[in-house]
Amino acid sequence: MSVLYALLFYVAFVLLVGGVGFKIYQYWSTPAPLKIPTTPAPTTRGGVVFRIGREVVLFESLFKSNKWIWLFGYMFHVGLALVLIRHGRYFQEVGPLLKFLQPFGIYAGFAMVAGLLGLWARRILVERIRYITGPSDHLILALLVGIGASGLMMKFVKHTDIVAVKVFFQNMMQFNLGALSLPGDPVLMLHLFLVAVLMIIFPLSKLLHAPGIFFSPTRNQVDNPREKRHIAPWAAEMEK
Amino acid sequence: MADFQTPEFREYPAVPNTLIPNATAHLSPFVAKPEHQEQLGFPGELVDNWEEKAIDKMGDLLGKYRSLRVYLDSCVKCGSCTDKCHYFQGTSDPKNMPVARQDLMRSVYRRYFTFAGKTLSKFGLGGIVGAREMNREVLDEWYSYFHQCSQCRRCSVFCPYGIDTAEISMAAREIMDHVGLGQKYCNEILGKLQKVGNNLGLPEPALKATLAEYGEEIEDDTGLPVRLPLDVKGADILLITPSADFFAEPHIDGLMGYAKVFHEAGVSWTLSSYASEAANFSMFIGSYSNMKICAERIRDAAIELGVKRIIVGECGHAWRVAYSFWNTVAGIGSGADENDVYAQKLQKQLDHSFKQPTHICEFTYDLIQKGKLRFNKAENDHRTVTFHDSCNVARGSRMGDWAGGQFDIPRAVIKACCNNYVDMDPDSIKEKTYCCGGGGGLLTDDLMEIRVKGALPRMEALKDVSDNKGVNTLAAICAICKAQFAKVLPYYNFPMSMLVSTHQLVGEALVMTGSEQEKELMEEEAEASEED
């Protein structure tokens, strides 16, 4: 079983990195033939970095739009970020950053799940959002809630042997396949399985919004079309 | 009047509507005839293997437009945009929610271009990821609902990823054109522009006579020999303005306002009969190649006439095309590469100490800043003015040197010539402005119902300031907004006369040097000082 899980994670890792890497390459190599920043837009490169920064860190546009979606979405994403950082302890020695974030990371798990449940409730209760919600939207929420809930179970209900988990992942990372041994805890097994599924579907689903935002022309273009001629290679061909 | 109900004003500010599925499924514009299609290089009618052709074209566009690729992938269905579209607010049709409109195309994208959609569809499970086959039903839905989007980009302001439904609806129309299902209004007009030089098909002699008439009118009014020159070689400035300025009200008054400002500034300027149109509906149909053909008429006219500067009249989408796209598609602008032979041909001729192109509001604003224009604001004292930010100017372009100049400059121009100015609700102006309801190629009588319904949010905001702040004048800077409001205001019980062009306000208050108005003012002042 331990070897099977190791294999699953090898595959999931390759698909995640390869898939997202491919999508990023695809976005990168597809030209944006016209200047389409949503104005008012920054007139300098630095301004654009700041604009995208605000979108990524603060969800600025969402905040302008709808405070409830912003609140739940923000709780989930910040919670997830802290939890992910905290999970660094399974892959490396615990440094000062991890030590500092440790207490926040624990409660962030609750914020994350609460945010997800809030977003899910909106999908069911708000007519407009119910209309645009499809089966895959529910499934992804179920997956994330499943990951969060099983993780919280292991922290607050029934502890798992996290030292053994750490040893498992470190052996895995060193391709030390002979020494692999995961604690036989069903909650842990479920948690890890769902995480692997999430990694696999990441490049195949709407989770691509994560790299997507950096490539969004309405957000990442400098507003200077009069000052500098902007032309895509396929469009330049038309002038020859 | 038509066979539909004008929406009732909602309680203000409004709460999101309850959905009425398929409320406007019956609305779709007249289909382009073969001759309209073929003149733009599209098949005359729906081709036999159109399903396959449509998917091929979609693949082609996915490789050419990063926006399309990223936006079809990135939507998480958060719901942020769902209540932002004026057509949704006016119709309650859920397919007019931006995300649902995008999903009409995203579903096809998922079926044919994503691993999950392709794989699951093999087992009949495509529905899990919202994948749909391309079929006649889908095509009809596209034709209907992608012509209920004015590409105003309001949704993109509120999207956490900046997803712009305009990009999707442009791509959808480009695909439909390529399989032979085009929209009559846009495609017919583009044919006229490419053949004659303007959307109306107004030939040179008619244009010349019209312009002479307006010159005389201004002369009668001011006593000054103001002219609207046509095809003057060696003029410094080429004015490119929407052809509606030549014949429609209140557009004409705006045009006469520009003429007065040019005359007072003492500059030499001209219109071109070859390029007598600022509008470029190619943007609406998402056709890069047609946009280039139309813009090149302007480039050619500028080269032919030898002008140093290009100024654009009051028009929303035209200013977006001019400001954002002209440099790209036709090299009309600055900063082309030294080796860029195509662009340098015109750019070497232009005077780059000016913004190329310049908006007429920028030109007037600059003169005001330099103290070169004198206004008698009392001429507009019977008005309390509010300003409608055009969607394409507000969210697709800029004026001046600073982000947001497109909001400040027209307001500064209006305030320079009017004493009473009031803004509408902050949620309905500037970057959050509502489309007039007639943009994006929808300004046609066969879409009257969606135009009236889509105007609801703007009309509500107008009603608010009209009831509470005494606003009696609505100033616009877009030919489409003006034409749309002229038609739609009466549906909402506003008088059509409350609509003005921004440069109409300028023209009415401008005290030209040596004019009758100046003499009158001087007499009044002299009398006033005698009384003292």
Side-chain angles (χ1 to χ4, degrees), chain A residues 23 26-27 30-36 38-43 47 55 59-62 64-66 69 73 119 122-123 126-129 131-137 139 201 204-209 212-213 215-219 223-232 234-235 238-239, chain B residues 16 18-19 63-67 69-70 73-80 82-84 94 97 99-100 103 114-116 127-130 153 156-162 164 167 288-289 292 323-325 327-328 331 333-337 340 342-343 355-356 395-398 403-404 406 431:
Chain A
K23 288 308 288 190
Q26 195 181 45
Y27 296 158
T30 307
L34 293 167
K35 280 281 193 172
I36 59 164
T38 311
T39 57
T43 55
E55 290 291 4
F59 302 2
E60 183 182 45
S61 295
L62 187 58
K64 268 186 216 169
S65 171
N66 187 309
I69 306 178
L119 290 171
R122 287 186 61 82
R123 291 213 179 277
V126 179
E127 190 192 24
R128 283 174 287 120
I129 304 183
Y131 181 89
I132 58 167
T133 300
S136 60
D137 301 306
L139 289 172
I201 66 158
L204 305 175
S205 67
K206 67 177 186 179
L207 300 175
L208 285 170
H209 67 280
I213 179 149
F215 290 94
S216 172
T218 58
R219 293 292 182 269
D223 177 18
N224 62 354
R226 284 193 288 194
E227 290 75 19
K228 195 168 181 307
R229 185 164 197 235
H230 168 94
I231 187 148
W234 64 262
M238 299 164 91
E239 285 161 17
Chain B
T18 316
L19 305 183
K64 282 181 171 168
Y65 290 87
R66 182 186 291 165
S67 52
R69 174 72 81 180
V70 171
D73 273 340
S74 296
C75 177
V76 301
K77 316 291 170 83
C78 72
S80 172
T82 51
D83 55 352
K84 301 298 185 279
M97 298 190 293
V99 44
D103 278 353
T114 66
F115 176 80
I128 292 176
V129 292
R153 313 180 92 207
S156 100
V157 169
F158 297 102
C159 175
Y161 320 110
D164 182 3
E167 290 293 305
Y288 190 102
S289 56
K292 186 172 174 63
Y323 173 87
S324 293
F325 305 152
N327 203 358
T328 297
S334 303
D337 195 81
D340 186 343
Y342 172 86
K355 299 273 185 202
Q356 301 286 3
R395 293 184 283 262
S397 76
R398 174 160 56 97
Q406 67 271 38
E431 71 167 354

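By convention in this document, chain letters (A, B, ...) are assigned in the order of the sequence lines, proteins followed by strands, and residues within each chain are numbered from 1.
Neither the backbone nor the side chain of B:T114 comes within contact range of chain A; no heavy atom of the residue lies under 4.5 Å from a heavy atom of that chain. Only the side chain of B:F115 has a heavy atom closer than 4.5 Å to any heavy atom of chain A. Heavy-atom distances place the side chain of A:L139, and not its backbone, under 4.5 Å from chain B. Both the backbone and the side chain of A:D223 come within less than 4.5 Å of a heavy atom in chain B. With a 4.5 Å cut-off on non-hydrogen atoms, B:S397 touches chain A through its backbone but not through its side chain. For a residue to count as touching a neighbouring chain, one of its non-hydrogen atoms must lie under 4.5 Å from one of that chain's; by this rule A:F59 does not touch chain B. Of the two parts of A:A41, only the backbone, made up of N, CA, C and O, holds a non-hydrogen atom closer than 4.5 Å to a non-hydrogen atom of chain B. For a residue to count as touching a neighbouring chain, one of its non-hydrogen atoms must lie under 4.5 Å from one of that chain's; by this rule A:I69 touches chain B with the side chain only. Within the 4.5 angstrom heavy-atom criterion, atoms from both the backbone and the side chain of B:D83 approach chain A. Residue B:C75 touches chain A through its backbone alone, counting heavy-atom pairs closer than 4.5 Å. Heavy atoms of A:R123 lying under 4.5 Å from chain B belong exclusively to its side chain.
Contact annotation: the side chain of A:Y27 approaches that of B:D73 to within less than 4.5 Å [non-hydrogen atoms, C-beta and beyond]. For the pair A:H230/B:N327, no side-chain contact is recorded, criterion being any heavy-atom separation below 4.5 Å from C-beta on. Here the side chains of B:K64 and B:Y288 are not in contact, with every heavy-atom distance at 4.5 Å or above. Put simply, the side chain of B:C78 reaches to within 4.5 Å of the side chain of B:P160, judged on heavy atoms. Taking 4.5 Å as the limit, some side-chain heavy atom of A:D137 sits within range of a side-chain heavy atom of A:K206. Residues A:T38 and B:D164 form no side-chain contact, since every pair of their non-hydrogen atoms from C-beta on lies 4.5 Å or further apart.
Per-residue heavy-atom pair counts under 4.5 Å with chain A were compared for B:S289, B:A343, B:G127, B:P94, and the maximum is reached by B:P94. Among A:I132, A:T39, A:T218, A:T43, the residue with the largest count of heavy-atom pairs under 4.5 Å with chain B is A:T39. Annotation: maximal heavy-atom pairing with chain B below 4.5 Å, among A:E55, A:E60, A:K64, occurs at A:K64. Counting heavy-atom pairs closer than 4.5 Å to chain B, the top-ranked of the candidates A:N66, A:N224, A:L204 is A:L204. Among A:P42, A:P31, A:G212, the residue with the largest count of heavy-atom pairs under 4.5 Å with chain B is A:P31. Most heavy-atom pairs under 4.5 Å with chain A, from the set B:G130, B:A116, B:S156: that is B:S156. If you tally non-hydrogen atom pairs under 4.5 Å between each of B:G331, B:G333, B:G162 and chain A, the highest count goes to B:G162. Interface check for chain B: of the options A:G134, A:A32, A:P217, A:S205, the most heavy-atom pairs under 4.5 Å are formed by A:P217. Counting heavy-atom pairs under 4.5 Å between each of A:S136, A:S65, A:G73 and chain B puts A:S65 at the top. The residue among B:K355, B:Q406, B:Q356 with the most heavy atom pairs within less than 4.5 Å of chain A is B:K355.
Counting only N and O atoms by type, the side chains of A:R226 and B:S334 include no donor and acceptor under 3.5 Å apart. Side chain to side chain, B:R398 and B:Y323 meet the donor-acceptor criterion of an N or O pair below 3.5 Å.
At least one donor-acceptor pair under 3.5 Å links the side chain of B:R153 to the backbone N or O of B:R395. Using a distance-only test at 3.5 Å, with no hydrogens or angles considered, a donor-acceptor pair links the side chain of B:S324 to the main chain of B:G396. Between the side chain of A:E127 and the backbone N or O of B:L19 there is at least one donor-acceptor pair closer than 3.5 Å. Here the side chain of A:R229 pairs no donor or acceptor atom with the backbone of B:G335 at under 3.5 angstrom.
Taking OH of A:Y131 as the reference point, atom NZ of B:K77 lies at 11.0 Å (rounded to 0.5 Å).
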